[in-house]
Each structure stands twice: as C-alpha cells, then as structure tokens.
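Following: one structure in structure tokens, then a few remarks.
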Amino acid sequence: MDSAAIDTRSTGLRALVGRPTRRGAARLARWLATLGLRHVDVAAGGEEVLALAGRRPDLVLLDSGLADGRLIARLRAQAGMAEVPVLMIGRFAGPRERARILALGATDVIDRPATLAEVAARLRVHVENRSLDRSLREVIRSLQGFHTDTVERMKVARGMQLALLPSESLRGELQRRYGVRLDHHFESSSELGGDLWGARALGPERFAVFLCDFTGHGVAAALNTFRLHALMARIELPGDDPAAMLEALNGLLAGLLPETQFATMLYAVVDTAADRLTYATAGAPRPLVGTPDGGTVVGESVGWPLGVSPRATYRNREMAFPPGSFLFLFSDALYESRDWEGRPFGYEGVQELLRWSSHEHEGENVLAVLLERYFAVMPRPLADDLTAIWIGRKRD
C-alpha cells in the first residue's frame, strides 16, 4: 500500500464529503478514494450534508465554501455527530480565519495547496482516532453488558442464599412454641457471603440453633453454604447432640472442601424444660449468655474448625439457661472489624455492648439496638460477612 494511503479496510469507516457543487464533491470523493477511504457519501450543499449525516459517518470533510457556523452547529446537534471529526479543507485568509472555523465546531482545518501525503497524514490521525474510539465504545458496551448480566446473576444467587436462612414463619413458630424471642442479622461483605445460620424444632421442649462461618467470602464461600445446607437436610444426622452433630458434619466436609477451606461452627440445643443450653463449637467465637440478674457469662470455644481433619472430635458444654436469659451468637466479623481509625472492635467491645441492662428492653429487638450502637463507630461495608443471632427467653 502507498505510504500516503489510509488503511480502513478492517475498520469499515464511512466518510462524508461536502462541497457547494456535486461535481466538486465527486472529485473530492475520488481523491479520498486514492487514500483508501472507500465508503464515501457525496453531498452537494449544506442541506444534503445534513441529510446524509443520518448515516452516521465516522469522518466529515467539508469544503471551505460550506464554512457556515449554522451548518456545523446543526451537524453537531444531530444524533451521534457530537464527537465525529469534522475537517474543513480550503484556502484560508490566515490564522484568525482558521481559528474562526475551529471555533464554529470544526475539528481541524487543512490549507490548500497541500500535497497528497500531507493530507493523508492529517486524515490518518483522525481516522485512527475514530477507529480506536469505535473499538473502545464496543469494549465498553461489552463490559456494560457483562456487568449488567453479572449483577443480575448475583442478585438471583443472593436471593437463593437468603432463602437458605430460616423463614419468618419458621422463626415465628419457634418463638410461639418455646416462649423465646429470636432476632437475627445477616450482612455479607459482598453480594454473596460465607455465613449460614439456622434453627429447627427438636421436640415439644427443645430446639436447635447453629451458626457457621466458612473461610473467605464471595462466590466460593457461598457455594460452601449451599453444601452445608444440603448436608444438614439429611435426617440421619444427630441433630439433638451438638458434639455428635459437629463430628458428623466434619467427617462429611473434610472430603468435600478444598484443602485451604474450612468452617467455624457453633451448634446449640436449648432445653426449655431443663432450663439448659447444651452446645459444641468448632473454632467458633465464644457464645455469650446473659443471666436473669443482668450478668453475662462467656462460654468456652474449643475444637478444630470443620473440614481441617477427618479425625477431629468435639465435646458438649452446658450452661444454665432459665427464663429471663439470652443467648448471643455472632460471626468473627463482629469483633475483628476495624473502626474509622483502624482499631479492631475486639471481644471486649462486644462485651461492652452487653454491659447495659438488656432486660430493660425485654420484648424489644435488643439485637437491633446493639447493632445500631455498633455501626455508630464501625464503618460499612465490613471486611467480612457478619451474622448475629439473639435468643431471649421470656420471663415466667
């Protein structure tokens, strides 16, 4: 190809040329064809230029005889023409005249006489810029489409994950049946999270509650919550024995989870007849139990996280849980998150939340009040998924 030519074969760029007469416009089009611009629309006069601009040209070359400010302004006002290069070619009186043309909205001016190589070089810059602009717009449209599709898919996935949590009707049934108030908060650090909690009736006087936190967050962690939910739906699992439950789940997850993934979990059984709380932990945060007299007891937390070793064993712990008591469970994001100054909230901060008399708010959503105080000093979004569960036994 001649060094003066403009390679537009792969871009399919379209040019529009305009001169006061059709013969002059055709001659200009033939001249452009020698430079490699094959898709050229020819316009004689300003009105025809405006009409053919509806074909969305990528480059407009106008003769100085059409150097009318109203024409350029009307051309720019048409859909898709605001950023299209508009070049004016002709004889100009001097720098002021060229500046006037540019002020009217032209992109560039080409003085005659000009060699073919000079004109080709000037046009090449605008053609290549336009080609890059088109490519960039296509990439942006593709990315926008991908983003929209991804957001919609994530919304569906989040809805599916939220559906794993106890429904409002189930929570209401547990509250009426066992004389408790059950409030919860689930907040993932991204669209999907690795936390899962659940509760279910075990008999007339006993029910179970658990909180599980998989490593990481996002899609991989969320997939593990679906795995766990499916495993816990198996009726042969010993749901009334926390330690045996964790041991059985650990044996299953140890063969399912990738080597670097694991889960912390607390599983508890509330016995309203015996006024006892029996629980076992697999590396989970220590449970906090409030006593009827306003005190707080910190439970123990021992045991390997689930999925680390198929030979891990777990032990049951028991705590008094009479009417007027409460159980506060939470994932580690509650105390590991950092405040506006970068300081971790800490386990002491969690206990400080409970030092005020929660019993003065009996019958209210104590968890909501606690978290309102918490987020007054902790920025969102959190760095990790947060789940918190509050179970308060009504006084006799």
Side-chain angles (χ1 to χ4, degrees), residues 1-138 140-141:
M1 179 177 290
D2 190 290
S3 60
I6 303 171
D7 187 3
T8 63
R9 292 172 298 179
S10 61
T11 63
L13 295 178
R14 176 176 293 276
L16 169 62
V17 299
R19 295 196 72 179
T21 64
R22 185 164 301 279
R23 177 179 296 181
R27 188 163 54 248
L28 186 55
R30 288 193 297 272
W31 186 51
L32 290 179
T34 65
L35 300 179
L37 287 167
R38 306 298 181 182
H39 304 287
V40 181
D41 292 320
V42 175
E47 293 302 320
E48 194 170 355
V49 167
L50 295 174
L52 290 176
R55 296 184 179 181
R56 302 288 183 88
D58 298 288
L59 176 73
V60 178
L61 183 61
L62 300 178
D63 185 88
S64 58
L66 299 177
D68 186 339
R70 290 173 298 176
L71 172 62
I72 299 177
R74 291 171 64 189
L75 187 64
R76 290 294 191 197
Q78 290 191 210
M81 293 299 297
E83 303 297 329
V84 173
V86 176
L87 286 70
M88 195 71 68
I89 185 169
R91 298 179 183 275
F92 302 98
R96 289 187 179 181
E97 177 64 11
R98 290 192 292 272
R100 185 185 72 85
I101 298 298
L102 293 173
L104 291 176
T107 308
D108 196 2
V109 293
I110 302 175
D111 281 300
R112 282 178 173 164
T115 65
L116 190 63
E118 179 185 354
V119 174
R122 299 281 288 277
L123 292 178
R124 185 181 296 110
V125 172
H126 296 290
V127 168
E128 290 177 353
N129 286 343
R130 187 59 177 170
S131 179
L132 289 172
D133 180 66
R134 281 179 52 176
S135 298
L136 180 59
R137 290 177 185 273
E138 290 174 3
I140 292 174
R141 281 195 297 269

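FYI, the numbering just counts along the sequence from 1. Source: prediction; values computed, not measured.
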Out of D63, T107, L61, I72, which one pairs with M88 under the side-chain contact (heavy atoms from CB on, under 4.5 Å) rule? I72
Report the C-alpha separation of L16 and R55 in whole Å, then their side-chain angles, then the decisive distance to 0.1 Å, and conclude whether the side chain to side chain contact (heavy atoms under 4.5 Å, CB included) test is met. CA-CA 9 Å; L16 169 62; R55 296 184 179 181; over 6 Å; no
So for atom CD, which belongs to E83, do other residues, nucleotides or ligands contribute more than 12 heavy atoms lying within a distance under 6.0 Å? no
To the nearest 0.5 Å, what is the distance between CG on L87 and CD1 on I101? 12.0 Å
V60/M81 under side chain to side chain contact (heavy atoms under 4.5 Å, CB included): CA gap, chis, key distance, verdict: CA-CA 10 Å; V60 178; M81 293 299 297; 3.9 Å; yes
Could you report the tightest heavy-atom contact between A15 and P57, atom names first, then the distance? C-CB, 4.3 Å
Whether E47 and R74 form a salt bridge (side-chain N of Lys/Arg under 4.0 Å from carboxylate O of Asp/Glu) is what I want to check. yes
Working to the nearest 0.5 angstrom, can you tell me the gap between I110 CD1 and L62 CG? 11.0 Å
Does R76 reach the main-chain N or O of V84 with its side chain, forming a donor-acceptor pair under 3.5 Å? yes
For residues A43 and L52, report the shortest heavy-atom separation together with the two atoms involved. CB-CD1, 3.8 Å
Looking at R56 and R14, would you say the former's side chain and the latter's main chain have a donor-acceptor pair under 3.5 Å? no
